[in-house]
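Accompanying notes for the structure given below.
Indexing begins at 1, ligand by ligand and atom by atom, following the structure's order. Numbers for residues simply follow the sequence, beginning at 1.
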Amino acid sequence: MSVMSAVPFVRPPHVRLPVAQARRHTLPASEFRSLSPEDAVSVFEIEREAFISVSGECPLHLDEVRHFLTLCPELSLGWFEEGRLVAFVIGSLWDQERLTLDALSLHKPHGTMVHIHVLAVHRTFRQQGKGSILMWRYLQHLHYLPYVRRAVLMCEDFLVPFYQKSGFKVLGPSEVTVGPLQFTEMFYPVRGRAFLRRNSGC
Ligand SMILES: CC(C)(COP(=O)(O)OP(=O)(O)OC[C@H]1O[C@@H](n2cnc3c(N)ncnc32)[C@H](O)[C@@H]1OP(=O)(O)O)[C@@H](O)C(=O)NCCC(=O)NCCS
């Protein structure tokens with residue numbers, strides 16, 4: 001080995017790199033943004049672990065994820081840590097007071113309810129408050145969409161207290177069942193809350 005090749009390269013102090021090359025290419029530590037169809041595979045990876053590995057079923061299959069992220073990306077929210085999806089919510093619009101089987105696969109553009117199809121946190125990030133924080137940010141985001149009157153979801157009974165802590169109220173048993181799974185339907189009054197805030201004097 002020659003002496004030259006053994007010496008580590010040291011850039012002379014007067015030689016500067018072009019700005020773009022000198023800038024460190026770091027991804028944001030934490031970022032919230034709407035999802036796009038390009039995020040569908042990352043979404044489905046989390047769903048696969050959270051649901052399919054547990055019950056063999058999941059709220060949205062890959063094509064349905066792509067479907068909703070194409071039709072109504074503004075009703076989704078992803079939490080990214082250093083560019084990696086760690087938690088997400090996906091919703092679509094619905095136009096009836098209660099959820100029916102059709103609500104699982106349809107987006108009703110003139111609806112005033114946001115049907116939250118799924119909230120999921122990557123396994124390694126659970127029990128750290130991320131699910132609650134993401135839901136809080138999502139509900140704040142819905143306040144800015146003038147056509148949204150309420151958010152609705154259906155969940156298994158053991159998750160009712162979780163959603164109650166986020167401000168959801170129980171509507172009653174859902175008419176929708178998936179195999180042996182039964183659900184409780186819950187709602188969050190998006191416009192009602194805005195009205196109360198405007199008149200609270202705060
Ligand atoms: C449910 C879920 C979204 C909660 O997110 P998270 O970031 O873990 O929750 P947080 O840390 O914000 O809140 C923790 C609270 O959630 C509730 N909770 C979370 N998972 C629960 C479970 N499997 N059973 C019962 N309660 C649960 C508890 O009330 C817990 O409160 P505690 O700390 O006092 O026990 C997450 O566990 C998840 O992705 N699970 C798999 C997918 C799923 O079931 N999604 C919901 C149906 S669409």
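In terms of protein heavy-atom proximity, atom 40 (N) of ligand 1 is closest to R126 NE, 3.7 Å. Looking only at protein heavy atoms, the nearest one to atom 23 (N) of ligand 1 is F158 CE1, 3.6 Å. For atom 8 (O) of ligand 1, the closest non-hydrogen atom on the protein side is Q127 N, 2.9 Å. In this structure, the protein non-hydrogen atom closest to atom 42 (C) of ligand 1 is F51 CZ, 3.4 Å. Shortest contact from atom 11 (O) of ligand 1 to any protein heavy atom: G129 N, 2.8 Å.
Aromatic pair H107/F68: ring centres not closer than 6.0 Å.
On a distance-only criterion, Y163 and ligand 1 share no N/O pair closer than 3.5 Å.
At a 4.0 Å heavy-atom cut-off, ligand 1 does not touch F88 at all. When heavy-atom distances to ligand 1 are checked against a 4.0 Å cut-off, E156 has no atom that comes that close, whether in backbone or side chain. Contacts between L159 and ligand 1 below 4.0 angstrom, taking non-hydrogen atoms only, involve the side chain exclusively.
Of all the listed residues (I46, L119, V89), L119 holds the heavy atom that lies closest to atom 46 (C) of ligand 1.
Results of the side-chain contact (heavy atoms from CB on, under 4.5 Å) test with H115 over L99, L93, I90 single out L99 as the only residue that passes.
Look at K165 and you'll find a heavy atom under 4.0 Å from some atom of ligand 1.
For atom 17 (C) of ligand 1, the nearest protein heavy atom lies closer than 4.0 Å.
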